[in-house]
K.L.:
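Can you read through this structure? Questions will come right after.
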Number of protein chains: 4
Amino acid sequence: MKRGASQKEIDAVVARIQEFGITPVPLPGAERMAIGTFGTTSRAAADAVESLPGVAEVVPVSRPFKLASREVIPDDTVVRVGGVPVGGGAPLAVIAGPCSVESRDQLLATARAVCAAGATILRGGAFKPRSSPYTFRGLGVDGLELLAEARAETGLAVVTEVLTPGDVDAVARSADCLQIGARNMQNYALLDAAGEQPKPVLLKRGISATVEELLLSAEYILARGNRNVILCERGIRTFERYTRNTFDVNAIPLLKRLTHLPVVGDPSHGTGKWYLVAPVALAAVAAGADALMIEVHPSPDHALSDGFESLTFENFASLMSQVGAVTRAVGRAVPEGARP
Amino acid sequence: MKRGASQKEIDAVVARIQEFGITPVPLPGAERMAIGTFGTTSRAAADAVESLPGVAEVVPVSRPFKLASREVIPDDTVVRVGGVPVGGGAPLAVIAGPCSVESRDQLLATARAVCAAGATILRGGAFKPRSSPYTFRGLGVDGLELLAEARAETGLAVVTEVLTPGDVDAVARSADCLQIGARNMQNYALLDAAGEQPKPVLLKRGISATVEELLLSAEYILARGNRNVILCERGIRTFERYTRNTFDVNAIPLLKRLTHLPVVGDPSHGTGKWYLVAPVALAAVAAGADALMIEVHPSPDHALSDGFESLTFENFASLMSQVGAVTRAVGRAVPEGARP
Amino acid sequence: MKRGASQKEIDAVVARIQEFGITPVPLPGAERMAIGTFGTTSRAAADAVESLPGVAEVVPVSRPFKLASREVIPDDTVVRVGGVPVGGGAPLAVIAGPCSVESRDQLLATARAVCAAGATILRGGAFKPRSSPYTFRGLGVDGLELLAEARAETGLAVVTEVLTPGDVDAVARSADCLQIGARNMQNYALLDAAGEQPKPVLLKRGISATVEELLLSAEYILARGNRNVILCERGIRTFERYTRNTFDVNAIPLLKRLTHLPVVGDPSHGTGKWYLVAPVALAAVAAGADALMIEVHPSPDHALSDGFESLTFENFASLMSQVGAVTRAVGRAVPEGARP
Amino acid sequence: MKRGASQKEIDAVVARIQEFGITPVPLPGAERMAIGTFGTTSRAAADAVESLPGVAEVVPVSRPFKLASREVIPDDTVVRVGGVPVGGGAPLAVIAGPCSVESRDQLLATARAVCAAGATILRGGAFKPRSSPYTFRGLGVDGLELLAEARAETGLAVVTEVLTPGDVDAVARSADCLQIGARNMQNYALLDAAGEQPKPVLLKRGISATVEELLLSAEYILARGNRNVILCERGIRTFERYTRNTFDVNAIPLLKRLTHLPVVGDPSHGTGKWYLVAPVALAAVAAGADALMIEVHPSPDHALSDGFESLTFENFASLMSQVGAVTRAVGRAVPEGARP
């Protein structure tokens, strides 16, 4: 629509599009309203709409993803997780915490340590997807309560994973942000459910998902009305055997080009080795990530999951001081806590 | 246990194992009872149990999967889909049908054609997982009813995909076998739900899942009490771009060695090109597959999904006559309908 | 050219093409002559040539490979290795022998065993490419002499690998077919050298080469004038860890469709596990391979290289009897020796 | 050996090792001499040597690579390319230039531009490996002369690729550093030849080579006596299709941990898209790379090879100013020219 198009003009365009059997989606922007459409659009429909009052132009979108595309929404989306802005011109956000919530002591000690070192969002799994049915699958609802307690004490916002549509309400009530993990990136019933509740969603790239597939999965959430999606690069599966996954650093600037959604780098899963986490975290920041997600554990050797890729409190604090320098070097604001 | 161990001896072993805080799982076999245990087992527990009456030997199982392992259950499992046996010495089973159930005409015509050509199980998606939210997602419950109608008319057993735990009951009521697709191979809530109902489950390998991960996902279903799991090789994601996926033919004899569960080859998804389906189907049979799963459509050019990899009725009938020859060449019985 | 086009007409077309600065390559076929051109061809040149006498049509070839393409040469090429025809309607050729030539006794015993079981071509490495500089790199020229001795005694044709242009003459003098291994698939100086000598070349697919890249590497040899190239699928690198490589069975019918050159399957490297060699060999035959290449060793446990994927004499003989049945099932002639 | 071990003591150890049929390799270090051995070493030999005068300890090296390993040579190797130090505490080295040397004008203009922007080493291919035989394969010896002219004018050191052992002498005479490309990483005859001449070698990781295989290929060069090897991460082949390759940023800190050799990042090949080169270059520096290798072309749209991934002069200059800031942020000295 043109700048200053009236609501009446907008309504007329929406109605006309519907006459062609196409679904219109109003997309309010900073300067003007856009109206997206989906599915195949006839030339006749485009011509009919283009001639209506208030219409600036009809733009064919070439990507299979629409609401996730910068072609449709050119300005960076800033997602607020609790009180923490992620994306756009916001300071680098640092999400840290244990892989799994294991106990009250473990979680609170970790929350205090990452908060002191400058993290602003706490991560921790209450529901854990595990390759084997015989390993620890998380504390469940008890884990959610411990996360809420840690938030109350430290002021950190909380992100935690949800595994199945039936748990979406419980997690959404408790956490500030729902995480959908790599194994569930194409669990469409879960994406639909996450799209129908209001909390932001951190969507991890599947272990061998293409960037396009990641954006199409984000599109599921966006299409249900939840526009607060954060994308997470967490390593892909390749032939390399020294590392658990290969952190696809290319994906960060590629996503920033293709989409307006914020992008997080997770070097813990992206490498699988604690001694590679710090340099790859710095690389993610240098490549333009809006946030980092780091696994931290009081005693990685005793972690019930992913101990080998978790940082100790000391190593996390040391990383945070390096992160500040690189963040500034690429012209981004530094998180409060990370300032020396 | 020794052959002929008494129920009292078995109960005593089960009780003793429980005293060590370990979960025992009785595994009745053709010749004798085995009792599996999971998680870390102490040397002390092994010694204590080995000395009980009726115990033949304590065997440490080295694989992370247990109930799926040939070390635990050496004899082939034969899974009955409706009246059709799959696995072990059963004739090659041929599962065929459209990617999606699109209409009554399309489904019934296809069911009649594949039945006439020798297929014994009908496939067809009522709930479809699609990368994009803007593409056809299946007819849902209406699709299930059409599948039931096709079964009533042709006598074919029916397998169809279930996408989320909330749909498991509806699909299990209607179909003879639940399919869990590649994207959901690590959807653990769905695996749990499939394990808690009695219909057999056809579990497809994830697009970049290792063979071990496939077996661990099968283990989720088995561990919930459903022992009727069929594994499906359907191609993995590689760098090759002429084909949609790379059919991992190695996985067929590898799975037959590692597990007692039946193995199906799906050359339609495994290649993504209709002109490669027949030779790769023959390869799967030659490599030892217990069954084939083939996409067939009355008019592949007009299919709402996966048309490019679907066979016409003529091509499917032609494939079936070749399948008979190769099946016999590797010493397996030929399905009734496939006999020339 | 039209059928029956005169030499004078052909010469005129060649000359006219040259006037446009394009290189013409006459390609004699069973029924008529084709004239290939390479590089970008102007519309003007195509029009000028199309109007010449004797020209049937000007066909733009869409593939980046030309001489390797079925679009340019539609009829199957039959390559003669020593006296053994490979490809087209020829019987399945079986190439067998040790990974490395280790000693006179080892080689002669293996040659006799594989010959007795029905192989017609002997393989054995004299020059070995090894990942580590500290492992056995082959007997070199002495190995070539032992291969010649084995040929003299058994009548088997001989194929052996050449690693560098400087060795091409020596290997070509001694062997019936030069092998270019997976690591050298894009060693263009070596491809050029192999293209400039008259012995056939068995070109193995690189460990992560696409099918198109394999055909482009074949094109290097063909473009230098050597039209006797055999392509070999030997497994590609994927994330799967139980097997050494993933045998890409799709590649066999895909290559048969794209190119007229013969295709060999190598299940020894394609799996890396001796117990998977037989089923995957049968799969390769079922999928349409023109030949098999199998590693056989008198005592795999003592092999200096690749022992874990080598068959014993007994296992090879057993495989050969199964191979006969599957070969006949797909309508191909069986090698003499393999008849029961 | 102990610090201060005499030459006589060293000689005695060398001689004693040889008596066991093992090859000793003296490895002089900053503080003391080490003596490496290769192949399987008996316990008896270790005991015999450990008791000799001047011996500090016998250390079993667990990696399959030896001379490349930090276990054997703990201190960073600094390789001098012309006058430019690469690795250890040296400033970040920036290697830049066109993919191919195409003409005198193109090369000299590029050399001047990259020199002005702060590069210290000029890259440019005279011998080009190309997937298709019908594309531009480089100017050959004429290209080498143009590179020498560019060096004479600008003072930049020169690195250029060598494709085959027969060209090693010509390239080594002309260039300051030999490049061995990804396709030739396992061309062992070429590695041997590069190991037997004195110029440093920049060894690129194969397109699907593991980090261990890269180090084993470096070992070939080191074992022939040339200790000046630079390793280059240039992207690996994955399933992702938006980018040409996936830059494996993990490999940079992993290599710095496993080996003492310098590590270069090549984001041009590592992404294949000019608009991803700058952020991924910064990521490589943040992850600890000792040098960058960047393709620059006066007019990327007209490049005869790899135009799509080449930077313009302006984009390269802009990148260099960002590189300075990130380099300083990770505590490394900045190249002279890159200082604002």
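Heavy atoms only: backbone and side chains are in, while hydrogens, waters and symmetry mates are out. Order of the sequence lines sets the chain letters (A, B, ...), proteins ahead of strands, with each chain counted from 1.
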K.L.:
By a 4.5 Å heavy-atom criterion (distance strictly below it), what part of A:Asp167 contacts chain B: side chain, backbone, both, or neither?
P.N.:
neither
K.L.:
Going by ring pair (Phe, Tyr, Trp, His ring centres under 6.0 Å), name the residues that satisfy it together with A:Tyr188, two or more places apart in sequence or in a different chain.
P.N.:
A:Tyr220
K.L.:
Distance from A:Tyr134 atom OH to B:Phe65 atom CZ, nearest 0.5 Å?
P.N.:
11.0 Å
K.L.:
Which residues satisfy the ring pair (Phe, Tyr, Trp, His ring centres under 6.0 Å) test with B:Tyr242, sequence neighbours excluded?
P.N.:
none
K.L.:
Sort by residue number and list every residue of residues 200-211 of chain A having at least one heavy atom under 4.5 Å from chain B.
P.N.:
A:Ile207, A:Ser208, A:Ala209, A:Thr210
K.L.:
Quick one: what part of A:Asn187 sits under 4.5 Å from any heavy atom of chain B, side chain, backbone, both or neither?
P.N.:
both
K.L.:
Counting heavy-atom pairs under 4.5 Å to chain A, which of B:Ala189, B:Pro133, B:Ala223, B:Pro165 comes out on top?
P.N.:
B:Pro133
K.L.:
Going by an N to O cut-off under 4.0 Å, is there a salt bridge joining A:Glu213 and B:Arg183?
P.N.:
no
K.L.:
Check side chain to side chain contact (heavy atoms under 4.5 Å, CB included) between B:Ser305 and all other residues, then give those that pass, not counting sequence neighbours.
P.N.:
B:Cys99, B:Ser100, B:Lys128, B:Arg130
K.L.:
Could you tell me whether the side chain of A:Pro129 reaches within less than 4.5 Å of the side chain of B:Gln186, counting heavy atoms only?
P.N.:
no
K.L.:
Using a 4.5 angstrom heavy-atom cutoff, name the option from A:Thr238, A:Asp192, A:Leu190 with the most pairs to chain B.
P.N.:
A:Asp192
K.L.:
Starting at OG of B:Ser131, measure out to CD of A:Glu219 and round the result to the nearest 0.5 Å.
P.N.:
12.5 Å
